[in-house]
Amino acid sequence: MTEKDYVELANLLYPDAQDTAFYLKKYKPRNAKGEVTRIAPSPTGYLHIGQLYQAVIHRMVADKTGGIFYCRLEDTDTKREVENAGQIAYDMLVRFGLKPDEGYCGDRREIGEYGPYVQSKRIEIYNAFAKELVKRGKAFPCFCAGSENKEEILKRREEELEESNDIEVKDPCRNLTLEQIKANLKAGKKFALRLKSEGNVTKTHEFVDRIKGKKDLRENAKDDVLIKSNGVPVYALAHVVDDTLMGTTTIVRGQEWFQSLPVHIELSRAFGFKPFKYAHTPNICVIDEKTGNKRKISKRKDPFADVRFFLKQGYPTTAIIEYILNLLNSDFEVWRKNNPTLPYTEFQFAINKIGVTNPMFDFAKLNDISKTIISRYTAEQVYTNALNWAKEWNEKDYEIIKQNKANLIKVFSIDRGGDRPRKDITKFDEITTLYNYVLPNFKPKFNLNLGNVNKQKLKEFLTDYANNYAQQADNQAWFENLKQVAGNHNFVDNKTYKQNPSAYAGNITDASKFVRLAITGAENSPELYSIMKILGKATCVERLNNLIKKLK
RNA sequence: GGUCCCUUCGUCUAAUGGUUAGGACACCACCCUUUCACGGUGGUAAUAUGGGUUCGAAUCCCGUAGGGAUCACCA
C-alpha cells in the first residue's frame with residue numbers, strides 16, 4: 001500500500017474521527033514541576049491490597065516531588081465489569097488517606113482539566129489516535145475471529161504452546177490489500193485494529209526502570225490488538241494515549257507489565273510521543289498452603305486481598321499504610337522510631353529505595369505496627385475509633401461500646417499517655433473481649449492451672465482477701481495490702497520463694513495471678529488496682545468468691 | 001516449553017570489592033518491677049549451589065538449582 005492508500009484506509013475505517021492535533025492542542029502540557037502519577041483501577045471487583053500498595057507509591061512520589069496524583073477509571077473490559085466497583089475503589093482510596101488530587105471521584109463526579117477520566121467516555125479520542133496510526137501505516141484492520149471466553153483462550157494457548165515455543169508471529173491480516181479490506185467492510189465484517197509491528201525480537205535496546213534499574217529490552221514483534229472489534233481499546237493503546245494526553249510522567253505499575261513494555265514503547269514511538277519513565281514494582285505475596293510456594297495475593301483465596309478486610313477487623317488505616325511503607329522503603333521503620341509522633345507523610349519516600357523481590361505479607365509485623373499506633377492514641381481516641389468501627393461493622397459491639405463509655409475510657413486510660421504506653425490493642429474488634437471484665441454480663445472463662453501453688457492455702461488466702469477487701473487509696477496501698485494478706489497465708493516475696501520453693505504456698509506473683517484471674521478472667525491485664533477500683537467492692541468480692549467456689 | 005525477572009536470618013531487609021555480615025518483627029533467656037504489660041540487656045538464626053576473576057566476593061562473570069511472572073480482541 002502507498003501512503004495515499006493509508007490515508008484512504010484511515011478515512012474509510014474512521015470517517016468521523018477528529019485529527020489528533022485537536023486533542024494534542026486541547027490538553028495543554030502540565031506545568032506541575034514534580035512527578036505526575038496515576039492510579040487506574042478497573043471496576044472488576046473491589047480495591048485490592050496490591051492497588052493500595054501502588055496508591056501509596058503514587059501518592060508519596062507525587063507529594064515528595066510537588067507533583068500530582070490522579071485517578072482514571074479503566075472500564076474498557078465490559079465483560080468483567082462489576083457494578084459500583086469504581087465508586088468503591090475510589091471511596092477506599094479516600095478512606096485510607098490517599099485521596100487523588102484529580103480525576104475520577106466516583107460515579108458522578110470528576111475534577112480536572114484532562115478529562116473525561118473514565119475510559120469508556122474517551123472512545124472518540126482513541127479513534128482519532130487509531131486513525132493517525134493507520135495514516136502512518138503503523139496499524140491495520142484484522143477481520144479474524146472476535147473475542148472468546150477465558151477458558152477457550154487458555155485451551156487454545158496450551159495447544160499453541162505444544163506446537164511452537166514462539167507464538168510471536170505477524171498477523172496474516174497485515175498483508176490484506178486495500179481492495180480486500182474494502183470488500184470485507186462492504187460485507188459488513190467487523191474489524192479489530194492491530195499494531196503493524198516493525199520490531200525484531202533479536203534486537204535489544206537499553207532501558208532504565210526506576211526500580212529495576214538498567215535492563216536490556218527486546219524489541220516487540222507482535223501485531224497486538226489495539227482496538228477490539230467492539231470498538232473499545234485495549235490497555236496498551238489507552239495507556240499510551242491517556243497518559244500522554246493527561247501528562248503522566250512516571251508510570252508506576254506491577255512488574256507483571258514489564259514484559260509488555262516493548263509493545264508500549266513501540267506504540268509510543270509510532271505516535272512520536274515523548275517516552276514515559278517507568279517503575280515496575282514487586283508484588284505482595286503469600287505462601288500457598290497447598291503448594292508451599294510463594295504466590296501473588298489472590299482475591300479468591302485470600303480474604304485480605306480486599307482492603308475492606310482490614311477495615312472490618314478494625315485495623316487503623318494508618319497501620320496498613322505504614323506497614324506498606326515499611327515494605328516499600330525499609331528505612332521507614334528507622335525513621336518512625338526516631339520520629340514517633342510525626343505523620344507518615346513527612347517521611348522522605350524514594351521510589352528507588354523499593355526492592356525488586358516480591359515481599360511476603362506478614363501479619364505479625366502488621367500487628368506490631370498497629371499496636372504501636374493505637375498505643376499512642378489517647379483513651380478518648382481509642383474509644384471514638386472503637387465506636388466508629390463498631391457502628392459500621394458490628395452492631396452488637398456498637399451497643400456494648402456505646403453503653404459502657406465511662407468504664408471503657410477508664411480502662412483504656414490505664415498505662416496510657418506516658419513515654420512507654422501499654423501496647424495491647426491490635427485492632428478494634430478485640431475491644432469487647434479484651435476488656436470484657438469491665439462490661440456487663442461478664443462470665444470469665446479460663447482453665448484453672450494451679451502449678452506449684454498449694455490449693456488449700458490459696459483458698460484460705462482468697463477467702464481472707466475477699467472477706468476483708470476494702471478499696472485502697474492508691475496503687476501502693478493496694479499492693480501492700482495484698483502482700484500482707486497473702487503473707488499471712490504463706491505466700492512470700494519472689495526472692496524468698498526462690499530460695500526454697502517447697503517451703504511456701506506460693507509467691508506474690510502467684511497470689512496476684514489468681515486475684516487477677518478472679519477479677520478479669522485473664523492472666524494478662526492492665527494494672528489490677530485500677531481495674532478493681534473501676535469495678536467497685538461488691539463486684540470484686542463477688543468475683544473472688546466465684547473463684548473460691550471453683551477451688552473445691 | 002520460549003522469554004523475562006528474582007534468590008542475605010522463619011519474615012521484611014541493610015551492607016554500591018575490604019563490616020565480627022547490621023537492624024526490625026517473631027521466638028528464647030535474663031534484668032527491671034509493686035502483679036500484667038511497657039521497657040532494658042543478651043541469645044538462637046542468613047549471603048541457594050558449583051566454578052571463575054581478584055591480594056580480597058554477599059557484592060563482578062559463567063553454569064546449576066529453586067521461585068516468580070509472561071506468552072488474550074483482561075487489565
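Convention: sequence-line order gives letters A, B, ...; per-chain numbering from 1.
- Residue side chain A:S229 reaches the base of B:C73 through a donor-acceptor N/O pair under 3.5 Å, judged by distance alone.
- Note on A:R218: only backbone sugar-phosphate atoms sit closer than 4.0 angstrom, heavy atoms only; bases stay farther off.
- Of the two residues contacting RNA chain B, namely A:N475 and A:K353, the nearest-nucleotide position lying further toward the 5' end is that of A:K353.
- Remark: A:N524 is in phosphate contact with B:A37, judged by side-chain N or O atoms under 4.0 Å from OP1 or OP2.
- In terms of phosphate contacts, A:T76 brings a side-chain nitrogen or oxygen within less than 4.0 Å of OP1 or OP2 of B:A75.
- The stretch residues 42-57 of chain A participates, sequence neighbours left out, in these side-chain hydrogen bond (donor to acceptor under 3.5 Å, both in side chains) pairs: A:Q54-A:T281.
- At the heavy-atom level, A:I508 lies nowhere under 4.0 Å from the strands shown.
- Taking the centre of each ring, A:F514 and A:F461 stay at or above the 6.0 Å mark.
- Taking 4.5 Å as the limit, every side-chain heavy atom of A:L237 sits out of range of all side-chain heavy atoms of A:L193.
- Residue A:R194 places no side-chain atom within donor-acceptor reach of the base of B:C73, judged by atom type and a 3.5 Å distance cut-off alone.
- Within the 4.0 angstrom heavy-atom criterion, base atoms lie near A:Q476.
- Counting non-hydrogen atoms under 4.0 angstrom, A:P526 reaches a base of the nucleic acid.
- Judged by distance alone, with hydrogens and angles left aside, A:Q259 brings a side-chain donor or acceptor within reach of the base of B:A69, the pair sitting under 3.5 Å.
- The side chain of A:K483 places no N or O atom within less than 4.0 Å of a non-bridging phosphate oxygen (OP1 or OP2) of B:U35.
- Residue A:E333 is classed as a base contact, given a heavy-atom separation below 4.0 Å to a base.
- Checked against the 6.0 Å centroid threshold, A:F276 and A:H239 count as a close aromatic pair.
- Taking the side chain of A:K215 as heavy atoms from C-beta on, and the options B:C5, B:U35, B:U70, the nearest nucleotide is B:C5.
- Among the atoms of the strands shown, base atoms are found under 4.0 Å from some heavy atom of A:S525.
- Each of A:D424 and A:N358 was matched to the nucleotide of RNA chain B holding its nearest heavy atom; the match closer to the 5' end belongs to A:D424.
- Residue A:N293 places its side chain closer to B:G68 than to any other of B:U34, B:G68, B:A24.
- Checking the phosphate oxygens (OP1, OP2) of B:A75, a side-chain nitrogen or oxygen of A:K228 falls inside 4.0 Å.
- Comparing B:G39, B:U35, B:A26 by their closest approach to the side chain of A:A364 singles out B:A26.
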